[in-house]
Structure formats: structure tokens, C-alpha cells
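What follows is a set of notes on a single structure, which appears directly below.
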Amino acid sequence: MIELLIKGLLLGFFIKDFQPLQEIITRVNDKISDKYFLVMYIKGAFSCWKCLSFWCTLILSHNIYYAMAAGFIVYVFTKK
């Protein structure tokens, strides 16, 4: 369990803060029109460490409770 939480947290942090990856995401987002509501949600998800940690942990573990724990851990980190 702890291993999955750590993997989800690290993967979310990596996607959010790894600069070359963020530049690629920004270029793709600039090319895609904002008139589609789904694009707006995807942009928001890739800029939030809590969201990314939640989704990465959910995809890795297939357990909603682990994903919620990962999101809560990141929430505590950001508030401290």
C-alpha cells in the first residue's frame, strides 16, 4: 500500500514539475482550442499536483481509497 502511494505521489509531482514535459503540454494546449470544455479540465488536471497524484495513484492501484489518501497527503504537504 505504501509503495503504491509513494509511486502515485512521485509520478504526480514529476508530471507537474518536470519542465520539459510541461513545455510539451503547454505547446499542445496552445494548439488545441479552448472552446471544448474537456480541454479546460485536462489543462487544469495537468497543473495541479493533488489532481495528478490522485489520478496516478488510482490508475496504478485501481483502488479509490489509496487515490484519496494520495490526494489528502498532497493536500497536507501543500498546506504546510
Side-chain angles (χ1 to χ4, degrees):
M1 176 190 150
I2 295 295
E3 181 181 327
L4 287 173
L5 284 174
I6 292 172
K7 284 181 182 178
L9 293 171
L10 291 176
L11 188 58
F13 181 76
F14 176 76
I15 292 171
K16 181 192 173 292
D17 287 332
F18 188 58
Q19 193 62 32
L21 188 59
Q22 282 299 317
E23 289 176 10
I24 293 169
I25 291 170
T26 302
R27 277 192 229 135
V28 169
N29 283 339
D30 290 343
K31 290 182 181 180
I32 297 174
S33 167
D34 282 338
K35 66 182 177 182
Y36 302 107
F37 72 95
L38 185 59
V39 174
M40 181 179 62
Y41 291 119
I42 292 172
K43 282 183 183 180
F46 276 103
S47 63
C48 174
W49 187 27
K50 291 178 281 213
C51 301
L52 279 172
S53 296
F54 174 82
W55 288 112
C56 290
T57 307
L58 185 63
I59 290 168
L60 289 172
S61 69
H62 302 288
N63 189 329
I64 190 74
Y65 298 112
Y66 292 167
M68 288 188 297
F72 180 72
I73 290 168
V74 173
Y75 174 77
V76 171
F77 282 156
T78 57
K79 290 296 180 183
K80 184 174 182 191

(message) Just verifying a value: how many Å separate Tyr66 OH and Ile2 CD1, rounded to the nearest 0.5 Å?
(response) 9.0 Å

(message) Using every non-hydrogen atom in the two residues, find where Gly8 and Cys56 come nearest and quote the distance to one decimal.
(response) O-CB, 3.9 Å

(message) Return the CZ to CD1 distance between Phe54 and Ile73, rounded to the nearest 0.5 Å.
(response) 13.0 Å

(message) Filter on side-chain hydrogen bond (donor to acceptor under 3.5 Å, both in side chains), then keep only pairs touching residues 5-14, sequence neighbours left out; what's left?
(response) Glu3-Lys7

(request) For residues Ala70 and Leu9, report the shortest heavy-atom separation together with the two atoms involved. (result) O-CD2, 3.5 Å

(message) Please enumerate all residues that pass side-chain contact (heavy atoms from CB on, under 4.5 Å) together with Leu10, with sequence neighbours excluded.
(response) Ile6

(message) Please say yes or no: joined through hydrophobic side-chain contacts below 4.5 Å, possibly via intermediate residues, are Phe72 and Phe77 part of one cluster?
(response) no

(request) Hey, could you give me each pair passing side-chain hydrogen bond (donor to acceptor under 3.5 Å, both in side chains) that has a residue in residues 51-63? Not counting sequence neighbours. (result) Trp49-Ser53

